Amino acid sequence: MHCPYCRNSDTRVSDSRATDDGGAIRRRRVCGACDRKFTTLEQVVLHVVKRCGVLEPFSRDKVIKGVSKACQGRPVTQDQLAALGQQVEETLRASGLAEIPAEEVGVAILGPLADLDAIAYLRFASVYKNFDSVDDFVKEIDGMREQLATSGPSTTTERKS
């Protein structure tokens, strides 16, 4: 680490602590040449590995934007979408990997989205899972009904019988 004042590369860490959200480490450093102090912030950057092999930085906003398309016309608020985006990011960070396959991002979205809104889940799943026919929807709905029968209602929207 170079000193921002004199550009000397001889700096040492005098204090380290995690940020309040635990997503970064704040380090207090001292320059060995000019004795000035400065602070650095270290964060792990998540990257998504696309199917074609290209790496791109993870974007919570991109997750929210994609899910909001599936939630269009549904009773889902921006606060709920923001919370879903945060939950997805926390799930991915908890994996401990710096490079996440794009498929894992989709899987991390499906669970919270199913809990948020069943129709939005079906819309998103139809694109994510490449539904080819009505039968694909029927299979997915049957799976959702089966899960409801064993665990009870888990979505915040009303169900029609």
Side-chain angles (χ1 to χ4, degrees), residues 1-4 7 9 11 13 15-29 37-134 136-144 147-148 151 153-159:
M1 173 60 61
H2 291 279
C3 173
R7 303 297 302 154
S9 62
T11 63
V13 176
D15 182 42
S16 291
R17 49 182 82 175
T19 57
D20 291 336
D21 65 358
I25 296 179
R26 182 185 160 276
R27 297 197 194 280
R28 193 75 177 136
R29 295 179 176 270
K37 295 180 178 181
F38 59 98
T39 302
T40 59
L41 194 64
E42 299 176 16
Q43 267 185 311
V44 174
V45 178
L46 279 179
H47 283 92
V48 176
V49 181
K50 307 289 265 181
R51 289 184 179 132
C52 62
V54 173
L55 281 178
E56 74 175 39
F58 172 80
S59 169
R60 186 188 302 184
D61 291 336
K62 190 171 178 179
V63 168
I64 293 169
K65 185 178 175 183
V67 171
S68 68
K69 290 178 185 177
C71 293
Q72 198 168 6
R74 301 297 304 154
V76 176
T77 67
Q78 287 299 316
D79 288 342
Q80 289 172 312
L81 290 174
L84 184 140
Q86 181 175 348
Q87 185 177 359
V88 168
E89 184 172 356
E90 288 172 359
T91 299
L92 296 174
R93 287 193 183 277
S95 74
L97 300 173
E99 294 181 358
I100 309 288
E103 297 80 27
E104 293 298 317
V105 176
V107 169
I109 291 171
L110 287 173
L113 186 56
D115 291 340
L116 183 62
D117 187 272
I119 301 300
Y121 168 83
L122 282 172
R123 290 174 178 172
F124 188 86
S126 70
V127 174
Y128 174 72
K129 294 181 177 183
N130 297 318
F131 286 5
D132 290 327
S133 68
V134 173
D136 292 334
F137 281 96
V138 171
K139 288 177 191 171
E140 195 70 32
I141 291 169
D142 287 345
M144 292 171 71
Q147 186 176 9
L148 276 174
S151 65
S154 63
T155 61
T156 57
T157 57
E158 292 181 24
R159 300 202 177 276

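For clarity, every value in this text was computed on a predicted model and none was experimentally measured.
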Name the atoms and distances for all side-chain donor-acceptor pairs under 3.5 Å in residues 95-112, with sequence neighbours left out.
| unit_1 | atom_1 | unit_2 | atom_2 | d |
| --- | --- | --- | --- | --- |
| S95 | OG | L92 | O | 2.6 |
| S95 | OG | L97 | N | 3.3 |
| E103 | OE2 | R51 | NE | 3.2 |

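- E89 has its side chain out of reach of V63: every pair of non-hydrogen atoms, C-beta onward, lies at least 4.5 Å apart.
- In terms of heavy atoms, S126 sits closest to F137 at CB-CZ, 3.4 Å.
- Residues M144 and L122 meet the side-chain proximity criterion, which asks for heavy atoms closer than 4.5 Å.
- Of all heavy-atom pairs between H2 and R7, the closest is ND1-O, 3.3 Å.
- A distance of 3.5 Å separates OG1 of T39 from CZ of R28, quoted to the nearest 0.5 Å.
- Scanning all heavy atoms of the two residues, the minimum distance from D117 to V76 falls at CB-CG2, 4.0 Å.
- You'll find the side chain of R93 stays beyond 4.5 Å of the side chain of F58, heavy atoms only.
- The two residues F124 and G66 make their nearest non-hydrogen contact at CD1-O, 4.4 Å.
- Of the inter-residue distances, the one linking Q43 atom CD with I25 atom CD1 reads 10.5 Å to the nearest 0.5 angstrom.
- Nearest heavy-atom pair across L81 and S68 is CD1-CB, 3.6 Å.
- Annotation: the span from E90 atom CD to R60 atom CZ amounts to 7.0 Å, rounded to 0.5 Å.
- Nearest heavy-atom pair, Y121 versus A114, reported as atom, atom and distance to 0.1 Å: CD1-CB, 3.6 Å.
- To the nearest 0.5 Å, atoms NZ (K37) and OG1 (T11) are separated by 13.5 Å.
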Check the pair V48 / S59 against side chain to side chain contact (heavy atoms under 4.5 Å, CB included), numbers first and verdict last. CA-CA 9 Å; V48 176; S59 169; over 6 Å; no
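- Between atom NZ of residue K139 and atom OG of residue S133 there is a gap of 7.0 Å, rounded to the nearest 0.5 Å.
- Applying the side chain to side chain donor-acceptor pair (under 3.5 Å) criterion to R123, with sequence neighbours excluded, gives no partner residue.
- Put simply, CD on Q87 and CG on D115 are 7.5 Å apart, with the number rounded to the nearest 0.5 Å.
- With sequence neighbours excluded, the residues forming a side chain to side chain donor-acceptor pair (under 3.5 Å) with T77 are Q80, listed by chain and number.
- Within the 4.5 Å cutoff, no side-chain heavy atoms of M1 are placed close to those of R27.
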